[in-house]
Amino acid sequence: MDTIINGGQALVFTNSRANTVKLAQQIAHYVCNYGTKLIEPNALARISGAIIEASQSKLLGEELSKTVRCGVAFHHAGLDMETRTIIESSFRDRLIKVVVATTTLAAGVNLPARRVIIHEYRRYEPALAWRSSP
């Protein structure tokens with residue numbers, strides 16, 4: 001919250017798609033409860049609508065749309081390319097304040113962030129069980 005309050009943005013990396021959604025919802029709760037001083041509600045409402053229209057998964061689109069209204073998004077391989085592009089460009093435009101992502105975001109995407117948080121550095125691989133990333 002201190003990063004957002006001071007005008008910055010944050011990237012949060014976690015180990016699973018489910019965790020991206022859960023963490024984005026938790027962070028969105030805090031940001032929305034802080035008040036609209038930190039976000040631009042009208043712009044975020046437009047982005048939220050664009051996500052609903054673009055998303056191929058109705059359930060994921062609705063969940064993402066809710067968190068985006070608070071300036072928080074999740075990003076993982078389960079989202080279609082158009083939805084991911086909306087999230088990335090909105091983050092670059094400083095409208096989305098926090099993106100919670102799996103390592104798919106780290107692969108080839110350059111996003112400006114004041115703070116990067118590693119929520120979980122271990123990941124589950126079926127043949128190997130839980131292991132730390134190299």
Side-chain angles (χ1 to χ4, degrees):
M1 283 302 297
D2 67 316
T3 299
I4 299 166
I5 290 168
N6 291 314
Q9 294 172 278
L11 292 172
V12 180
F13 288 99
T14 192
N15 63 350
S16 71
R17 294 178 188 185
N19 275 347
T20 64
V21 176
K22 183 176 81 173
L23 287 172
Q25 290 168 337
Q26 291 171 347
I27 295 167
H29 173 78
Y30 285 108
V31 174
C32 274
N33 283 338
Y34 192 84
T36 59
K37 294 178 273 187
L38 303 177
I39 59 174
E40 297 179 35
N42 293 335
L44 292 173
R46 286 191 300 274
I47 295 165
S48 178
I51 287 170
I52 292 283
E53 288 180 25
S55 183
Q56 294 174 359
S57 167
K58 185 172 175 74
L59 180 62
L60 275 177
E62 288 175 359
E63 288 298 322
L64 181 57
S65 174
K66 289 176 191 173
T67 63
V68 164
R69 287 182 176 272
C70 293
V72 180
F74 54 86
H75 187 292
H76 57 66
L79 298 174
D80 55 90
M81 196 62 179
E82 187 176 354
T83 303
R84 284 190 262 172
T85 301
I86 292 169
I87 294 165
E88 293 163 14
S89 64
S90 299
F91 190 82
R92 280 190 197 96
D93 292 342
R94 302 182 56 79
L95 296 169
I96 292 179
K97 304 301 181 183
V98 179
V99 173
V100 182
T102 58
T103 55
T104 58
L105 183 69
V109 177
N110 185 12
L111 294 176
R114 184 174 297 173
R115 180 162 295 167
V116 175
I117 301 165
I118 309 299
H119 173 258
E120 181 63 68
Y121 65 93
R122 298 178 314 145
R123 64 181 185 171
Y124 186 80
E125 292 186 27
L128 304 170
W130 284 100
R131 56 180 258 157
S132 297
S133 296

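Quick note: residue numbers are just sequence positions, from 1.
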- Item | Check: Asp80 side chain, Gln56 main-chain N or O, donor-acceptor pair, under 3.5 Å | yes
- Message: Going by the rule side-chain contact (heavy atoms from CB on, under 4.5 Å), which residues pair with Arg115 if we only count those two or more places apart in sequence or in a different chain?
- Response: Asp2, Thr3, Ala10, Ile117
- Message: Tell me the closest heavy-atom pair linking Arg69 and Ser48, and the distance in Å.
- Response: NE-OG, 3.4 Å
- Straight-line distance of Phe91 CZ to Leu11 CG, nearest 0.5 Å: 4.0 Å
- Where do Ala54 and Ile86 come nearest, in terms of heavy atoms and distance? CB-CD1, 3.8 Å
- Backbone of Val72 reached by a side-chain donor or acceptor of Thr67 within 3.5 Å: yes
- With sequence neighbours excluded, what pairs up with Asn42 under the side chain to side chain donor-acceptor pair (under 3.5 Å) test? none
- Query: Rounded to the nearest 0.5 Å, how far apart are CD1 of Ile96 and CD1 of Ile39?
  - Reply: 11.0 Å
- Qualifying residues under side-chain contact (heavy atoms from CB on, under 4.5 Å), relative to Asp93, sequence neighbours excluded: Leu95
- Item | Trace of the side-chain contact (heavy atoms from CB on, under 4.5 Å) decision for Leu60 with His76 | CA-CA 11 Å; Leu60 275 177; His76 57 66; 4.0 Å; yes
- Note on the structure: Shortest non-hydrogen pair, Met1 vs Val31, comes out as SD-CG2, 3.9 Å
- Could you check if a side-chain atom of Ile87 sits within less than 4.5 angstrom of a side-chain atom of Leu64, using non-hydrogen atoms only? yes
- Measure the spacing between NE2 of His75 and OG1 of Thr102 and express it to the nearest 0.5 Å. 8.0 Å
- Message: Quick check for you: to the nearest 0.5 Å, what is the distance between Ile47 atom CD1 and Ile52 atom CD1?
- Response: 13.5 Å
- Rounded distance (nearest 0.5 Å) linking atom CZ of Arg92 with atom CD of Gln9: 11.0 Å
- Query: Could you state the interatomic distance from CG (Leu38) to CD1 (Ile4), rounded to the nearest 0.5 Å?
  - Reply: 7.0 Å
Residues 21-28 side chain polar contacts: donor-acceptor under 3.5 Å, at least two apart:
| unit_1 | atom_1 | unit_2 | atom_2 | d |
| --- | --- | --- | --- | --- |
| Gln25 | NE2 | Glu63 | OE1 | 2.5 |

- Ala77 meets the side-chain contact (heavy atoms from CB on, under 4.5 Å) criterion, sequence neighbours left out, with Arg17, Thr104
- Can you list every salt bridge (Lys or Arg N to Asp or Glu O under 4.0 Å) pair that touches residues 44-62, not counting sequence neighbours? Lys58-Glu62
